[in-house]
Amino acid sequence: MKVLLGLPNQLIRLDGMKARPAVSPPLGVVSIAAYLRESDWQGTIEIYDARLGATFRREADYWLFGDSDERIEARIRAAAPDVIGISNLFSSQIDRAYRFAELAKRAAPNATVVIGGPHVSVFPLEAIARPDIDYAVIGEGEERFTQLLLALQRGDSAPKIQGVVATPADLDLLRSNPRAPVGFTDPLDSLPLPAYDLVDMPRYFALARKGLSPRFREWGKRPISMLTSRGCPHKCVFCSIQTTMGYKFRAHSPEYTRRHIRHLVDEYGVDFIHFEDDNLVHDTGRYDEIIDFMSTFQPRIKWDTPNGVRGDAWTLDRARRAKASGCQFLTVAIESGVQRVLDDIVRKRLDLARVDDMMRYCRQVGLRLHAFYIIGFPGETLADIRATVDYALDRYRRYGVVPMLQPLIPIPGTDVYDQIANEGWHEGSIATEYNQVKTAEFDPATLQAIYRDYLRKRLLIFALRSLIVPKELLYNLKLILKYPGGAYYALRNALRANG
């Protein structure tokens, strides 16, 4: 049996911070491949990432990045797979995944097509209703996909595996919790190291050096994203992580994490790591051990936390050690500058006073800090929204904490998405895009006006800090030179804010 694991080409809109695609080795796919080849399943595995063609094509009001449909179909036909697994990380990209499935069935009509990822974990019936898709996998894929292949290998096309959906009746196998309907791998150390040898690592690094790196604001020549933990015990209304990774915090041991990092450095020359964990500092003792290990490298392996960390786990010593170990910047997930909104609406369980402490610590040790904010939650007043904008800009002025503020994106599989849908707090259909909410307090037009004013003020603070803080000037010049497209669109949007 031959398995082809595929990643579709990418839809992009060349606007603002989306001014370029981001490409990195596919963490989920290489983990599934590693688990599969260590199982009892017999066969061969090939990974095809359609993004690596790295071409741009205009399609109506958006762009496609990666191989053309013709190239994708030819590539699948040449592989002649028995099973095709399709990975899709974002609801905003689901149409590309469905198109990949169409091309897959056309190129290999006798192949079994399986799709996984967050979107189909929430909408499995939507996926299997398509004639080109045979199975949808809910949640983590390592064990479920392997069990499905073992079943197919022994001739069982209708296995009863929790989280593998071929018919509506298969939903009866799921747990009653709609946010975590399946079980999850535990302990994580039972997973083998990801199968990086099955993908073209030099190609990913080459694209990173051309500005198509996995994350913004990194300076590595061989960067990579990695996860050292999964799951989140917190219940923020806007986050969908529980659907694919569950509520329980599960972490690789420090020993496993050290082995993983050492493998990346020794085998692939990785010089920059993006720790993508949702809860990197949830277990502070484990985090400290990882940072101690990062401090052993000479020269330092640079790292950051682009997915955000908690703001209440920091001490001055922890900030100092992060800086000394090679951290280039931390990103803290604050969400709102109003404690009532955090407590009653976002359900974040975060004390803003502790966040201010973290900001002071980072400024004191010279560690760059970014912050996530979201405006436009149902239940927010206009005063709340303006207070969050003021908070974000004030901390930028006072502490140099770069604000990354955006209107709410309703993501399928979240409490806030269901709330908006059930209450009718939207115009037309709900899209997985910014600024969809309409309540008695605000509508998209009002929120857009506030957001435009924020962009203008943010640009002014950016310019002022660049003039009066030499380190900021040098850093920002490097950023603009590396990401000229992103800088152009950010400037254009801020200028538009002036009318």
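In this structure the side chain of Met358 reaches within 4.5 angstrom of the side chain of Leu369, judged on heavy atoms. Put simply, the side chain of Leu5 does not reach to within 4.5 Å of the side chain of Ser87, judged on heavy atoms. Between Ile334 and Arg310 the shortest side-chain heavy-atom distance does not fall below 4.5 Å. Using a 4.5 Å heavy-atom threshold, the side chains of Ile301 and Ile261 count as separate. No side-chain heavy atom of Asp415 sits less than 4.5 Å from a side-chain heavy atom of Lys235. In this structure, the side chains of Glu102 and Arg130 come closer than 4.5 Å at one or more pairs of heavy atoms.
Side-chain N/O atoms of Tyr204 and Asp49 include a donor and acceptor closer than 3.5 Å. No donor-acceptor contact under 3.5 angstrom links the side chains of His119 and Gln93, judged on distance only. Between the side chains of Thr112 and Asp134, no donor-acceptor pair is found at a separation under 3.5 Å. Checking His274 against Ser225 by side-chain atom types alone, no donor-acceptor pair falls below 3.5 Å. In this model, a donor atom of one side chain and an acceptor atom of the other lie less than 3.5 Å apart for Tyr48 and Asp67. In summary, the side chains of Asp343 and Gln339 do present a donor paired with an acceptor at a separation below 3.5 Å, with no hydrogens or angles considered.
Lys105 NZ: more than 12 foreign heavy atoms inside a 6.0 Å radius. Summarising the local packing, OH of Tyr247 is surrounded by more than 12 heavy atoms from other residues, nucleotides or ligands at distances under 6.0 Å. Crowding of Asp172 atom CG: a count of heavy atoms from other residues, nucleotides or ligands under 6.0 Å exceeding 12. Taking a 6.0 Å sphere around NZ of Lys248, one finds it holds 12 or fewer heavy atoms contributed by other residues, nucleotides or ligands.
If you take CD1 on Ile128 and CZ on Phe123, they are separated by 14.0 Å, rounding to the nearest 0.5 Å. Within the model, atoms CZ of Phe442 and CZ of Phe377 stand 9.5 Å from one another, a figure rounded to the nearest 0.5 Å. For the atom pair Leu212 CG and Gln10 CD, the distance stands at 9.5 Å (nearest 0.5 Å). In this structure, CZ on Phe205 lies 10.0 Å from CG on Asp200, to the nearest 0.5 angstrom. Gln436 contributes atom CD, which lies 13.0 Å from atom NZ of Lys438 (distance to the nearest 0.5 angstrom). If you take CD1 on Ile374 and OG1 on Thr388, they are separated by 10.0 Å, rounding to the nearest 0.5 Å.
No salt bridge links Glu267 with Arg262; every basic N to acidic carboxylate O contact stays at or beyond 4.0 Å. Between Arg340 and Asp384 there is a salt bridge, since at least one side-chain N of the basic residue sits less than 4.0 Å from a carboxylate O of the acidic one. Checked for salt-bridge contact, Arg37 and Asp197 meet the test: a charged N lies under 4.0 Å from a carboxylate O. Using a cut-off of 4.0 Å between Lys/Arg side-chain N and Asp/Glu carboxylate O, Asp288 and Arg318 are scored as salt-bridged. Using a 4.0 Å cut-off between charged nitrogen and carboxylate oxygen, Arg259 and Glu255 do not count as a salt-bridge pair.
Contact record, Pro378 with Ile345: O-CG2, 3.5 Å, taken as the closest heavy-atom pair. Across every non-hydrogen atom of Arg51 and Asn9, the tightest pair is CG-CA, 4.4 Å. Between Val199 and Val30, the shortest heavy-atom contact is CG1-CG1, 3.8 Å. Residues Leu342 and Glu335 share a closest heavy-atom pair of CD2-CB, 4.2 Å. In terms of heavy atoms, Gln153 sits closest to Gln42 at NE2-O, 2.6 Å. Pairing each heavy atom of Val113 with each of Asp132, the nearest pair is CB-O, 3.3 Å.
In this structure, Ser325 contributes its side chain and Ala322 its backbone to a donor-acceptor pair below 3.5 Å. Here the side chain of Tyr35 pairs no donor or acceptor atom with the backbone of Leu193 at under 3.5 angstrom. Under a 3.5 Å cut-off, the side chain of Glu289 and the backbone N or O of Pro254 do not form any donor-acceptor pair. Looking only at distances, a side-chain donor or acceptor of Asn88 sits under 3.5 Å from a matching main-chain atom of Phe90. When atom types are taken as modelled, the side chain of Glu380 and the backbone of Gly376 share a donor-acceptor pair closer than 3.5 angstrom. At distances below 3.5 Å, not a single donor-acceptor pair connects side-chain atoms of Thr185 with backbone N or O atoms of Leu188. Side-chain atoms of Lys2 come within 3.5 Å of backbone N or O of Ala79 as a donor-acceptor pair. Not one N or O on the side chain of Asp156 forms a donor-acceptor pair closer than 3.5 Å with the backbone of Leu152. Looking at Thr305, its side chain does come within 3.5 Å of a backbone N or O of Thr331 through a donor-acceptor pair. Distance alone, capped at 3.5 Å, places no donor-acceptor pair between the Arg321 side chain and the Ile291 backbone.
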Take His370 and Val332, measure what side chain to side chain contact (heavy atoms under 4.5 Å, CB included) needs, and give me the verdict at the end. CA-CA 6 Å; His370 303 165; Val332 58; over 6 Å; no

Run Cys362 and Leu330 through side chain to side chain contact (heavy atoms under 4.5 Å, CB included) and show every step you take. CA-CA 9 Å; Cys362 289; Leu330 296 171; 4.2 Å; yes

Go through the steps for His426 and Tyr417 under the test ring-ring contact (aromatic ring centres under 6.0 Å, His included), then give the verdict. CA-CA 10 Å; His426 58 91; Tyr417 181 97; 8.6 Å; no

For side chain to side chain contact (heavy atoms under 4.5 Å, CB included), just list the numbers for Val355 and Asp312, CA-CA rounded to whole Å, side-chain angles, deciding distance to a tenth of an Å, and then say yes or no. CA-CA 6 Å; Val355 178; Asp312 52 6; over 6 Å; no

Go through the steps for Ile161 and Asp170 under the test side chain to side chain contact (heavy atoms under 4.5 Å, CB included), then give the verdict. CA-CA 8 Å; Ile161 303 169; Asp170 292 329; over 6 Å; no

Kindly determine whether Phe272 and Trp303 satisfy ring-ring contact (aromatic ring centres under 6.0 Å, His included), including the steps that lead there. CA-CA 5 Å; Phe272 200 114; Trp303 61 276; 9.2 Å; no

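Note: Trp314 and Tyr287 have perpendicular aromatic rings, judged against thresholds of 30 and 60 degrees for the angle between ring planes.
Of the candidates Val416, Ile409, Thr414, Phe238 forms a side chain to side chain contact (heavy atoms under 4.5 Å, CB included) with just one, namely Val416.
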Identify every side-chain donor-acceptor pair in residues 226-234 under 3.5 Å, counting partners at least two apart or on other chains, and give the distances.
| from | atom 1 | to | atom 2 | distance (Å) |
| --- | --- | --- | --- | --- |
| Thr228 | OG1 | Asp277 | OD2 | 2.5 |
| Thr228 | OG1 | Arg286 | NH1 | 3.3 |
| Thr228 | OG1 | Arg286 | NH2 | 2.9 |
| Ser229 | OG | Asp277 | OD2 | 2.6 |
| Arg230 | NH1 | Glu140 | OE2 | 3.3 |
| Arg230 | NH1 | Glu142 | OE1 | 3.4 |
| Arg230 | NH2 | Glu142 | OE2 | 2.8 |
| His234 | ND1 | Arg349 | NH2 | 3.0 |

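Cation-pi contact between Arg96 and Tyr98: absent, since separation from the ring centre below 6.0 Å together with deviation from the ring axis within 45° is not met.
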